[in-house]
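What follows is a short report on a single structure.
Here the structure is a predicted model, which is why all the values come from computation and not from measurement.
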Amino acid sequence: MQSAILLHGKPDKEEYYDPAVPSCSNHHWFPWLQKQLLVHGIHAQTPEVPDAWNPQYALWQREFERFGITPKTLLVGHSCGGGFLVRWLSEHPDVRVGKAVLVAPSLGIDWDAGDFFNFTIGPQLAARTAGLVIFESDDDRPAIHEAVKKLRAGISGVRHREFQGHGHFTLRSMGTTEFPELLEELLAP
């Protein structure tokens, strides 16, 4: 059975503790995408990383690895979640996965990431996927553009899709909880 793991990003501390804001794994387009994948017969999981506002790599790794990761597993990482996937795949060179999409991937350039992104990018990690794609919006933060540039230069075979006016691919910047372009990318052969 095909599966998917959809990994959220790092909220700020106020957003994380605000009872009126959905949890990270249930915010923005995550619930919509999970449901669409389920409808297409893909068992989709959205792990909720505790204390996501203060990322600790070991904690993110433990939550991520609770799910079976196979050559049929689709991976989606938003912002810090995308950077996490790059590190995890770089540090596990024997693992093969399905398509992987990094949505506005962060490498902690504009915030104190501690040692979360203290790793060497695996230049051949795209070859161990069924396709590695980066989604970037023209009006995202400069640090995201810098991270995308670094990833594109450091990973052979990565594909890049640029969007107009999607900001950081959040509900606030997109104005919707639906993300059909991401679903289409995941379902494409």
Side-chain angles (χ1 to χ4, degrees), residues 4-13 15-16 24-25 27-30 33 46-47 49 51-61 63-64 69 74-93 95 97-174 179 181-182 185-186:
I5 302 173
L6 316 176
L7 194 56
H8 62 74
K10 176 192 107 48
D12 61 36
K13 186 175 182 179
E15 180 181 348
Y16 183 83
C24 296
S25 65
H27 200 14
H28 309 300
W29 38 263
F30 281 87
L33 181 60
T46 57
V49 181
D51 297 325
W53 63 273
N54 181 27
Q56 303 298 315
Y57 183 77
L59 183 58
W60 285 60
Q61 182 176 10
E63 290 303 312
F64 178 72
I69 301 161
L74 304 173
L75 299 176
V76 175
H78 177 243
S79 194
C80 184
F84 167 84
L85 290 177
V86 173
R87 177 174 177 178
W88 192 88
L89 288 167
S90 294
E91 293 179 348
H92 294 84
V95 174
V97 298
K99 191 173 281 187
V101 182
L102 311 175
V103 180
S106 173
L107 293 176
I109 294 168
D110 60 349
W111 50 276
D112 180 11
D115 68 349
F116 196 88
F117 294 114
N118 186 14
F119 73 104
T120 301
I121 295 171
Q124 300 303 318
L125 73 88
R128 295 183 287 106
T129 72
L132 179 63
V133 185
I134 295 175
F135 280 23
E136 177 183 21
S137 182
D138 65 335
D139 59 344
D140 206 334
R141 301 188 323 265
I144 299 301
H145 295 302
E146 190 177 335
V148 168
K149 183 177 179 182
K150 184 175 182 177
L151 293 171
R152 291 179 71 193
I155 302 172
S156 178
V158 67
R159 220 167 39 92
H160 177 252
R161 290 188 57 185
E162 187 169 355
F163 293 80
Q164 307 299 313
H166 281 56
H168 196 54
F169 297 92
T170 61
L171 174 58
R172 184 178 324 136
S173 59
M174 293 173 65
F179 198 169
E181 300 92 343
L182 179 52
E185 184 66 51
L186 290 168

Item to complete: Would you check if the side chain of Asp138 reaches a backbone N or O of Gly165 as a donor-acceptor pair within less than 3.5 Å?
Response: yes
Worksheet item: Is the backbone N or O of His166 less than 3.5 Å from a side-chain atom of Ser173, with the two atoms forming a donor-acceptor pair by type?
Response: yes
Worksheet entry | Point-to-point distance, once rounded to the nearest 0.5 Å, from CG of Asp140 to CD of Glu162 | 10.5 Å
Worksheet item: Side chains of Tyr57 and Asn118: closer than 4.5 Å at any heavy-atom pair?
Response: no
Worksheet, complete the sentence: Rounded to the nearest 0.5 Å, the OG atom of Ser106 sits from the CZ atom of Arg141 at a distance of 6.0 Å
Worksheet item: How far apart are the C-alpha atoms of Phe163 and Phe169, what are their side-chain angles, what is the distance that settles it, and do they pass the ring pair (Phe, Tyr, Trp, His ring centres under 6.0 Å) test?
Response: CA-CA 10 Å; Phe163 293 80; Phe169 297 92; 5.6 Å; yes
Worksheet item: Which heavy atom in Arg152 sits nearest to a heavy atom in Val158, and how many Å separate them?
Response: CA-CG1, 3.9 Å
Worksheet item: Do any N or O atoms from the side chain of Asp51 and from the backbone of Asn54 form a donor-acceptor pair under 3.5 angstrom?
Response: no
Worksheet item: Aromatic rings Trp88 and Phe64: how do their planes relate, parallel, tilted or perpendicular, breaks at 30° and 60°?
Response: perpendicular
Discussion item. So does Gly167 get a backbone contact from the side chain of Arg172, meaning a donor-acceptor N/O pair under 3.5 Å?
Written reply: no
Discussion item. Would Phe117 and Cys80 count as a side-chain contact (heavy atoms from CB on, under 4.5 Å) here? Give the steps.
Written reply: CA-CA 9 Å; Phe117 294 114; Cys80 184; 4.0 Å; yes
Worksheet item: For the atom pair CD (Glu181) and CD (Glu185), what is the distance rounded to the nearest 0.5 Å?
Response: 10.5 Å
Worksheet item: Is there side-chain contact between Lys10 and Trp111, with at least one heavy-atom pair below 4.5 Å?
Response: yes
Worksheet item: Quick check: does any side chain N or O of His8 sit under 3.5 Å from a backbone N or O of Thr46, one acting as donor and the other as acceptor?
Response: no
Discussion item. Please check: side-chain N/O of Arg87 versus main-chain N/O of Phe116, any donor-acceptor pairing under 3.5 Å?
Written reply: yes
Worksheet item: Side chains of Leu89 and Val97: does their closest heavy-atom pair fall under 4.5 Å?
Response: yes
Worksheet item: Do Leu75 and Thr129 have side-chain heavy atoms sitting under 4.5 Å apart?
Response: no
Practice prompt. Flag the pair Pro105 / Val86 as yes when at least one side-chain heavy-atom distance between them is below 4.5 Å, and no otherwise.
Written response: no
Worksheet item: Got a second to check how far Ser137's OG is from Ile144's CD1, nearest 0.5 Å?
Response: 11.0 Å
Discussion item. If you define the side chain from C-beta out and look only at heavy atoms, does anything of Ile5 sit under 4.5 Å from Leu85?
Written reply: no
Response to the item:
Rounding to 0.5 Å, atoms NE2 (His27) and CD (Glu15) come to a distance of 4.5 Å
Practice prompt. Kindly give the heavy-atom pair with the smallest separation between Phe119 and Ser90, and that separation in Å.
Written response: CE1-OG, 3.9 Å
Worksheet item: In Å, rounded to the nearest 0.5 Å, how long is the span from CG of Leu102 to CD of Glu136?
Response: 11.5 Å
Practice prompt. For Lys150 and Ile121, run side-chain contact (heavy atoms from CB on, under 4.5 Å): C-alpha distance rounded to whole Å, both residues' side-chain angles, the deciding distance at 0.1 Å, then the answer.
Written response: CA-CA 9 Å; Lys150 184 175 182 177; Ile121 295 171; 4.3 Å; yes
Practice prompt. Going by the ring-ring contact (aromatic ring centres under 6.0 Å, His included) test, name the single residue among Phe135, Trp29, Phe84 that passes it with His78.
Written response: Trp29
Worksheet item: Got Gln124 and Ser156 here, is their nearest side-chain heavy-atom distance under 4.5 Å?
Response: yes
Discussion item. Can you give me the closest heavy-atom contact between Gly9 and Ser79, atom names plus distance?
Written reply: CA-CB, 4.3 Å
Fill in: Sub-4.5 Å side-chain heavy-atom contact between Tyr16 and Pro11
yes
